[in-house]
Amino acid sequence: SGNLTQSNPLSIYGTANITANGNITLTNNSNNFGPIILIGNATASNTKNISINENNTMNLRTVTMAAGAGGNFTATSVNADIISSGFGGVKPGGTIATPGTGVVTLVATNGNITVGDATTDFPTSGGVVFNAKNVSLSVLGNSVLTLGAVSTSSVATTLTVTSAIGSIANAGNIVVSGNASFTTGNGNISLNQSGDQFGGLKFSGNQVNVIQSNSMNILTGSSAIGASNLASTGNITVVNSGSGGVASFGNTVSLIASGTIILPKMISVGGTLTVNAAGAKDLSALSLAGDLSSKTPVNLGTGAYSAPQP
């Protein structure tokens with residue numbers, strides 16, 4: 001009971017306050033809203049979904065769902081962007097104390113997605129799915145930010161994900177044709193789905209674990225404090241991001257590639273570097289003392305190995 005639906009397009013140019021105990025289904029593609037406040041009161045035992053479409057730019061001001069909610073949240077901008085404004089607390093999924101299990105889906109195939117501030121979190125284990133040109137998600141991080149969802153691919157041209165105090169996890173394939181950047185404070189970054197693809201990869205976090213189904217281009221400026229593992233079904237190398245610097249690893253790092261591992265003098269490793277590849281493993285541009293903390297790399301795999309300089 002308590003479902004909220006529509007029969008005609010809605011044009012609300014001021015703040016749209018929308019609350020229901022049941023499903024919220026406002027999916028007319030001609031809808032136009034001002035800032036949107038969405039409150040779904042369905043309980044965990046009474047799974048209800050929230051779906052809302054906007055013809056132009058969708059401005060999410062506040063999104064609240066019940067503790068342990070099992071329903072999905074879907075927001076679609078038909079012709080423009082999805083944004084958030086007003087520090088109103090965009091928290092689809094569940095609550096920080098009791099995260100939900102539904103999937104959060106953000107779609108702006110003709111625009112960009114820019115959602116997040118210090119009051120934003122996605123408290124659900126179901127994951128956050130996105131489909132847009134340029135995607136930026138920024139959360140406080142009181143809840144783990146889980147990207148993607150089972151059996152669903154998230155797609156973007158560029159992707160920027162930031163969790164100020166939490167960790168970033170992965171539940172479904174992420175396909176980014178351009179650069180993808182993942183930043184945490186002291187949290188971990190785990191992107192472990194077999195179909196993940198990034199044009200360029202930049203990261204900053206504690207332990208960093210990434211699997212890619214294409215060649216891995218690690219961008220300079222990347223950093224990992226803790227032990228890290230990076231694997232690719234293609235090649236692995238380090239690429240200048242345009243701002244100089246190096247890719248920095250404060251602890252051990254394992255690189256595994258089906259193709260080659262070729263490391264230019266743009267990497268710094270504080271622990272032991274392990275390289276494992278079927279193709280060539282070329283570390284000859286590196287200095288053992290200057291780049292690898294005088295720790296001899298571990299060479300695994302069948303490919304030819306070129307050791308670093310002294």
Side-chain angles (χ1 to χ4, degrees), residues 127 141 144-148 154 159 161-163 166-176 179-239 241 245-264 266-283 286 288 291-293 295-303 305 307-308:
V144 173
L145 175 54
T146 302
L147 300 173
S154 295
L159 175 63
V161 180
T162 303
S163 178
S167 293
I168 297 171
N170 188 199
N173 293 337
I174 303 170
V175 178
V176 182
N179 291 340
S181 174
F182 304 91
T183 302
T184 68
N186 293 314
N188 299 323
I189 298 170
S190 180
L191 305 169
N192 57 4
Q193 297 300 304
S194 60
D196 286 347
Q197 297 182 17
F198 310 113
L201 174 66
K202 189 173 184 180
F203 49 80
S204 177
N206 183 22
Q207 297 179 358
V208 177
N209 297 284
V210 181
I211 297 173
Q212 281 189 220
S213 62
N214 63 333
S215 290
M216 181 180 290
N217 298 308
I218 303 168
L219 299 178
T220 56
S222 295
S223 64
I225 300 169
S228 298
N229 298 275
L230 306 175
S232 167
T233 59
N235 307 318
I236 296 178
T237 191
V238 178
V239 176
S241 64
V246 299
S248 176
F249 296 89
N251 207 305
T252 60
V253 57
S254 170
L255 303 179
I256 301 175
S258 299
T260 64
I261 298 175
I262 299 176
L263 300 180
M266 293 186 287
I267 186 171
S268 173
V269 182
T272 299
L273 168 65
T274 299
V275 290
N276 185 342
K281 294 156 288 181
D282 189 351
L283 280 60
L286 303 180
L288 189 66
D291 303 312
L292 302 177
S293 302
K295 295 180 173 65
T296 301
V298 175
N299 171 35
L300 302 174
T302 58
Y305 178 66

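Note that the structure is predicted; figures quoted are calculated from it, not measured.
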Checking Val144 now: which residues fulfil side-chain contact (heavy atoms from CB on, under 4.5 Å) with it, not counting sequence neighbours?
Thr146, Ala169
Would you check if the side chain of Asn276 reaches a backbone N or O of Ile256 as a donor-acceptor pair within less than 3.5 Å?
no
Under the side-chain contact (heavy atoms from CB on, under 4.5 Å) rule, collect the residues that match up with Ser268, sequence neighbours excluded.
Val246
In Val298, Leu283, Leu300, the residue satisfying side chain to side chain contact (heavy atoms under 4.5 Å, CB included) with Val275 is Leu283
Could you note down all residue pairs passing side chain to side chain donor-acceptor pair (under 3.5 Å) where residues 187-196 supplies at least one of them, sequence neighbours left out?
Asn188-Asn206
Drop me the distance from Lys202's NZ to Leu159's CG, to the nearest 0.5 angstrom.
13.5 Å
Excluding sequence neighbours, so at least two apart, what forms salt bridge (charged side-chain N to carboxylate O under 4.0 Å, His left out) with Asp291?
Lys265
Taking all non-hydrogen atoms of both residues, which atom of Ala224 and which atom of Ser228 are closest, and how far apart?
CB-OG, 3.2 Å
Nearest 0.5 Å please: distance from the CG atom of Asn170 over to the CG atom of Leu145.
10.0 Å
What's the shortest heavy-atom distance between Ala247 and Val238, and which atoms?
CB-CG1, 4.2 Å
If I compare all heavy atoms of Ser167 with all of Gly187, which pair ends up nearest, and what's the gap?
OG-CA, 3.6 Å
What residues form a side-chain contact (heavy atoms from CB on, under 4.5 Å) with Asn214, not counting sequence neighbours?
Gln197, Gln212
Taking Ser241 for its side chain and Thr220 for its backbone only, find out whether a donor-acceptor pair lies under 3.5 Å.
yes
Given side chain to side chain contact (heavy atoms under 4.5 Å, CB included), test Ile225 with Asn251 step by step and report yes or no.
CA-CA 6 Å; Ile225 300 169; Asn251 207 305; over 6 Å; no
Interatomic distance, Leu255 atom CG to Ile236 atom CD1 [nearest 0.5 angstrom]
5.0 Å
Atom pair CD1/CG of Ile211 and Asn229 - distance to nearest 0.5 Å:
9.0 Å
Are Pro308 and Leu292 packed together at the side-chain level, in the sense that at least one heavy-atom pair is separated by less than 4.5 angstrom?
yes
Closest approach of Asn173 to Gly195 (non-hydrogen atoms, all atoms of both residues)
OD1-N, 3.0 Å
Shortest non-hydrogen separation from Gly141 to Ser163 and the atoms involved:
CA-OG, 3.4 Å
Between NZ on residue Lys281 and CG on residue Leu263, distance to nearest 0.5 Å:
12.0 Å
Can any side-chain N or O of Ser293 pair as donor or acceptor with the backbone N or O of Val269 at less than 3.5 Å?
yes
Dump the intermediate steps for side chain to side chain contact (heavy atoms under 4.5 Å, CB included) on Ile267 and Ile218, then the final yes or no.
CA-CA 10 Å; Ile267 186 171; Ile218 303 168; over 6 Å; no
Judged by atom type as modelled, is there a donor-acceptor pair below 3.5 Å linking the side chain of Thr233 to the main-chain atoms of Ser213?
yes
Using side-chain heavy atoms (C-beta onward) and a distance below 4.5 Å, is Ser222 in contact with Leu201?
no
Backbone N or O of Ile262 within a donor-acceptor pair of the Thr237 side chain at under 3.5 Å?
yes
Sequence neighbours left out, what pairs pass ring pair (Phe, Tyr, Trp, His ring centres under 6.0 Å) with at least one residue falling in residues 184-206?
Phe182-Phe198, Phe203-Phe249
Looking only at non-hydrogen atoms, find the nearest pair between Ala171 and Gly148 and report the distance.
CB-O, 3.5 Å
Is any side-chain heavy atom of Thr184 closer than 4.5 Å to a side-chain heavy atom of Ile189?
yes
